[in-house]
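Encoded as structure tokens, the structure appears first; notes follow it.
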Amino acid sequence: MAKKERPRPQKLSVYLYIPNIVGYMRVILNCVAFAVCFSNKTLFSLLYFFSFCCDAVDGWCARRFNQVSTFGAVLDMVTDRVSTACLLVILSQVYRPSLVFLSLLALDIASHWLQMYSTFLAGKSSHKDVKDSTSWLFRLYYGNRIFMCYCCVSCEVLYIILLLIAKNQTENLLNVVVSTLTQISPLSFLLALTLFGWSMKQTINLIQMKTAADVCVLYDIEKQQKP
């Protein structure tokens, strides 16, 4: 007797997966947050950080309800990258030199895009599969969820702090950071803590970009060597 085929989910049902709905909520929260980023920094910070925290929520929902989808993974990553990019653009308008934040934006997008593309070329199912990497720091980042969480949270919190402590739109970045760090306060401790995690994340972004570029180059070499 022939086995009955399992009914395939309709396209609309995938769009309405619970984790994907959480993803749509993240987009809406970010839109509202950036609409008030200059008029109400406190509200912006709360909405932006809540949206960032929902990144973990949609992942939990996907596993809990068995609703993992490629669309959800792409939506998640695009939301992360776009929201961080928008915040970096805003900071580039507040601090001088603005090139610092624009360079961070370029590094963030380039490293993640190259990593995703190299994952496709290598035939891997996840961009987090870096067990074959020669960099222990790169393997630690994707292999240890606590360390990854610390680095990612540090970046976002640091950027939020920088926006909150800016008094005008012509701040000197180095002066503001040094001035805040030299003060004995919870804010200075938090800034120092996030600076370390931020520096780890930028180092990993550089390693990720170089590693992914090597995969692309090796793919070209192997392709040329085939008869």
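Under the 3.5 Å distance criterion, the side-chain polar atoms of Arg96 are matched with a main-chain donor or acceptor of Ser92. Between the side chain of Asn20 and the backbone N or O of Val14, at least one donor-acceptor pair lies under 3.5 Å. The backbone N or O of Ser188 lies less than 3.5 Å from no partner atom in the side chain of Gln183, so there is not a single donor-acceptor pair. Between the side chain of Ser154 and the backbone N or O of Tyr150 there is at least one donor-acceptor pair closer than 3.5 Å. Side chain of Asp76 to backbone of Gly72: no donor-acceptor contact under 3.5 angstrom is found. Of the possible donor and acceptor atoms, one in the side chain of Tyr24 sits under 3.5 Å from a partner among the backbone N and O of Tyr15. Ser199 places a side-chain N or O within 3.5 Å of a backbone atom of Phe196 that can act as its donor or acceptor partner. Between the Thr194 side chain and the Leu191 main chain, a donor and an acceptor come within less than 3.5 Å of each other.
Here the closest heavy-atom approach between residue Cys216 and residue Leu114 is recorded as SG-CD2, 4.3 Å. In this structure, Lys124 and Asp129 approach most closely via the heavy-atom pair NZ-O, 2.9 Å. Here the closest non-hydrogen pair linking Tyr95 and Asn172 is CD2-C, 4.3 Å. The two residues Lys201 and Asp108 make their nearest non-hydrogen contact at NZ-OD1, 4.3 Å. Between Leu181 and Ala192, the closest heavy-atom pair is CD2-N, 3.8 Å. Between Val176 and Glu171, the shortest heavy-atom contact is CG2-OE1, 3.4 Å.
In this structure, the separation between CD1 on Ile204 and SG on Cys152 is 8.5 Å, given to the nearest 0.5 Å. Rounded to the nearest 0.5 angstrom, Leu158 CG and Trp198 CH2 are separated by 7.5 Å. A distance of 7.5 Å separates CG in Asp80 from CD in Glu156, rounded to the nearest 0.5 Å. Rounding to the nearest 0.5 angstrom, the gap separating the CG atom in Leu206 from the OG1 atom in Thr211 is 10.5 Å. Between Ile109 atom CD1 and Leu104 atom CG the span is 11.5 Å, to the nearest 0.5 Å. Distance check, rounded to the nearest 0.5 Å: OG of Ser98 to CG of Leu173 gives 10.5 Å.
Environment of CZ in Phe71: crowded, with over 12 heavy atoms of neighbouring residues, nucleotides or ligands closer than 6.0 Å. Surrounding CZ of Phe50 are at most 12 heavy atoms belonging to other residues, nucleotides or ligands under 6.0 Å away. For Arg145, the CZ atom counts as loosely surrounded, since its 6.0 Å shell holds 12 or fewer non-hydrogen atoms of other residues, nucleotides or ligands. When the shell of 6.0 Å around CZ of Phe138 is examined, it contains more than 12 heavy atoms from other residues, nucleotides or ligands. Residue Asn66 places its CG atom among 12 or fewer non-hydrogen atoms of other residues, nucleotides or ligands, all under 6.0 Å distant.
A chain of hydrophobic side-chain contacts below 4.5 Å, direct or via other Ile, Leu, Val, Met, Phe, Trp or Tyr residues, connects Phe44 to Leu164. No continuous path of ILVMFWY side-chain contacts below 4.5 Å connects Leu107 to Ile90, so the two sit in separate hydrophobic clusters. Two different hydrophobic clusters hold Val78 and Trp113 under the rule that ILVMFWY side chains link at heavy-atom gaps under 4.5 Å. Val22 and Val27 fall into different hydrophobic clusters, where Ile, Leu, Val, Met, Phe, Trp and Tyr side chains are chained together by heavy-atom contacts under 4.5 Å. Hydrophobic clustering (ILVMFWY, side-chain heavy atoms < 4.5 Å, transitive): Met25 and Ile18 are in distinct clusters.
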task: Using the side chain to side chain contact (heavy atoms under 4.5 Å, CB included) rule, take Ile165 and Leu187 through it: C-alpha gap first, then chi angles, then the decisive distance, then the call.
output: CA-CA 10 Å; Ile165 62 179; Leu187 180 61; 3.8 Å; yes
message: If you apply the rule side chain to side chain contact (heavy atoms under 4.5 Å, CB included), what do you find for Cys149 with Ile146, and how did you get there?
response: CA-CA 5 Å; Cys149 181; Ile146 295 177; 5.7 Å; no
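Ring geometry for Tyr117 versus Phe120: interplanar angle of 30 to 60°, hence tilted.
Between Leu88 and Tyr159 the shortest side-chain heavy-atom distance falls below 4.5 Å. Annotation: side chain of Leu162 is in contact with side chain of Val177 (closest heavy-atom distance under 4.5 Å). With contacts defined as side-chain heavy-atom distances shorter than 4.5 Å, the pair Ser133/Lys131 does not qualify. For the pair Cys61 and Val57, the minimum side-chain heavy-atom distance is below 4.5 Å. Looking only at side-chain heavy atoms (C-beta outward), Thr180 and Ile161 stay at 4.5 Å or farther from each other. Tyr17 is not listed as a side-chain neighbour of Asp58, based on a closest heavy-atom distance of 4.5 Å or more. Side-chain contact check for Met209 versus Asn205: every heavy-atom pair is 4.5 Å or farther apart. In this structure, the side chains of Gln208 and Val130 stay at 4.5 Å or more apart for every pair of heavy atoms.
Ring to ring, Phe52 and Tyr48 are not that close: their centroids are 6.0 angstrom or more apart.
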